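The structure appears right after this line, and notes come after that.
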Amino acid sequence: MKLPELKIGTKVAKVPIVQGGMAIRLSTGALAAAVANQGGIGLIAASGMSPEELRYEIRMARAFSKGIIGINIMFAAKKFAEMVNTAIDEGIDLVVAGAGFSRDIFALGKESGTPVVPIVSSVKLAKISQRLGAAAIVVEGKEAGGHLGTDQSIRDIIPDIVAAVDIPVIAAGGVLHGQDIADLINMGVSGVQMGSRFAASAEANSAPALKEFYLKAKPEDVVVIHSPVGLPGRAVRNPWAERIMEGPVPPNKCDNCLKACKHNFCIIRALSRAQQGDVETGLVFTGEYLPTIEKILTVEEIFQQIKAEVAAI
């Protein structure tokens, strides 16, 4: 089997792989550039960054790659529109938006000619996205890491969504190996989004302690927590995850970073602690099949492995 190209708007990725936008600061310019250099689409996770920091990361990615660079941003973030406008002002290639659904973002994309790619988990939102002008959609199943919009498997929801829209459909959730990609492409998707495999890469902007923690995870360690965003989230069990699963841990200080916050804990600070290597009191978001990852690889090695696996099918 040969991997097809992935076209989003006027941009064509030689390899139909989108690197997930993992916050806080796991997906920065270095990771996005490395993925873009391999022919995929690299995403910078803008959530939790300042506009100045996002500009820096976009410029850094551009300095190291001539490939396709986009951002991923949570609709739930209070600075959502400001961050999208910042990225557009920097000439970003596309905007991927999740953790809620925004109708306003399509006007921003249309005005600047920037492709907008919402993350959805239902036929209804897929159709609305197409009607509003989405260039493509990312469809996430229950296997995905971070915030979840469904309890259904990606393989169960993809057929109906592919049949319902005419824009490119990018499957996300549980995609780690060449066989996963081949199966989903045979189901009609145009490409895939991979998060966990790139979180466990050499170029991911996380402390060595977090990457080591990924490799120690067992299937029974993957749990679902309730996020202050108002959605369930998939994470790795650790003392912090167990604590917030038992009940609220209200923050002593609020940075007022979300449009609407449940205040059961501070998600920005918890994710930042994990990114910095605190795997005891940090929130470690992950996909369902993280425990199948056995080694930290470079982005180049990941692409080589996937291409070899696909070629063998």
Side-chain angles (χ1 to χ4, degrees), residues 19-35 42-61 64 71-74 76-79 83 98-99 145-147 195-217 221-223 225-229 233-245 249-258 261 263-287 290-291 293 295-299:
Q19 160 247 314
M22 299 163 288
I24 304 295
R25 298 183 181 85
L26 262 68
S27 304
T28 53
L31 176 58
V35 171
L43 298 183
I44 297 167
S47 301
M49 290 185 180
S50 66
E52 294 75 21
E53 185 180 1
L54 179 58
R55 286 186 189 278
Y56 172 82
E57 294 297 339
I58 293 172
R59 291 176 185 181
M60 184 175 73
F64 288 99
I71 66 160
N72 173 290
I73 179 74
M74 292 197 309
K78 184 159 283 187
K79 292 184 178 180
M83 298 302 276
H147 293 109
S196 296
R197 178 61 273 191
F198 289 116
S201 71
E203 290 88 346
N205 185 43
S206 53
L210 178 56
K211 295 178 184 180
E212 291 170 12
F213 187 69
Y214 288 146
L215 299 182
K216 294 176 182 176
D221 295 329
V222 180
V223 298
I225 58 97
H226 293 288
S227 167
V229 168
R234 189 176 303 285
V236 181
R237 184 190 301 275
N238 65 357
W240 177 256
E242 291 179 344
R243 187 178 175 191
I244 59 177
M245 287 167 71
V249 185
N252 295 323
K253 181 182 178 182
C254 180
D255 295 327
N256 200 27
C257 60
L258 299 176
C261 182
H263 293 100
N264 51 322
F265 67 94
C266 179
I267 189 167
I268 296 290
R269 292 176 184 267
L271 289 170
S272 293
R273 291 195 296 270
Q275 181 264 339
Q276 293 164 15
D278 181 352
V279 296
E280 296 292 316
T281 68
L283 176 61
V284 183
F285 269 162
T286 183
L290 173 74
I293 297 175
K295 189 177 180 182
I296 303 299
L297 300 175
T298 66
V299 167

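Computed from heavy atoms alone, side chains included, the values below leave out hydrogens, waters and symmetry copies. Model, not experiment: these values are computed from the prediction. Numbers for residues simply follow the sequence, beginning at 1.
Rounding to the nearest 0.5 Å gives a distance of 8.0 Å between CE of Met22 and CZ of Phe198. Once rounded to the nearest 0.5 Å, the distance linking CZ of Arg273 with CG of Leu210 reads 13.0 Å. Interatomic distance, OG1 of Thr286 versus OH of Tyr214, reported as 7.0 Å (0.5 Å rounding). Put simply, CG on Leu26 and OG on Ser206 are 4.5 Å apart, with the number rounded to the nearest 0.5 Å. To the nearest 0.5 angstrom, Asn72 atom CG is 11.0 Å from Ile44 atom CD1. From Ile73, atom CD1 reaches atom CE of Met83 across 5.5 Å, with rounding to the nearest 0.5 Å.
Shown here for Cys254 and His263, the closest heavy-atom pair between the two residues is SG-NE2, 3.8 Å. The two residues Ser272 and Ile24 have their closest heavy-atom pair at OG-CG2, 3.7 Å. Closest heavy-atom contact between Ala217 and Pro291: O-CB, 3.4 Å. Nearest heavy-atom pair across Met60 and Ala30 is CE-N, 3.4 Å. When every heavy atom of Met245 is checked against every heavy atom of Val223, the shortest pair comes out as SD-CG2, 3.9 Å. In terms of heavy-atom proximity, Ser201 sits nearest to Leu31 at OG-CD1, 3.6 Å.
In terms of modelled atom types and a separation under 3.5 Å, the side chain of Glu203 and the main chain of Val299 share a donor-acceptor contact. A donor-acceptor distance shorter than 3.5 angstrom exists from the side chain of Ser47 to the backbone of Met74, with no hydrogens or angles considered. At distances below 3.5 Å, at least one donor-acceptor pair connects side-chain atoms of Lys211 with backbone N or O atoms of Ala202. Judged by distance alone, with hydrogens and angles left aside, the side-chain atoms of Gln275 form a donor-acceptor pair with the main-chain N or O of Asn205 at under 3.5 Å. Listed for the Arg234 side chain is no donor-acceptor partner under 3.5 Å among the backbone atoms of Gly287.
For the side chain to side chain donor-acceptor pair (under 3.5 Å) test, no residue two or more places apart in sequence or in another chain qualifies with Asn238.
Annotation: side chain of Trp240 is not in contact with side chain of Val279 (no heavy-atom distance under 4.5 Å). Using a 4.5 Å cut-off on side-chain heavy atoms (C-beta onward), Leu283 and Ile267 make contact. The side-chain heavy atoms of His226 and Ile244, taken from C-beta on, include no pair separated by under 4.5 Å. With contacts defined as side-chain heavy-atom distances shorter than 4.5 Å, the pair Tyr56/Met49 does not qualify.
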Trace of the side chain to side chain contact (heavy atoms under 4.5 Å, CB included) decision for Ile225 with Phe265 = CA-CA 11 Å; Ile225 58 97; Phe265 67 94; 4.1 Å; yes
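When each of Asp221, Val236, Leu215 is checked for a side chain to side chain contact (heavy atoms under 4.5 Å, CB included) with Leu290, only Val236 meets the rule.
Among pairs with a residue in residues 22-31, those fulfilling side chain to side chain donor-acceptor pair (under 3.5 Å) read Gln19-Ser27, Arg25-Glu53, at least two apart in sequence or across chains.
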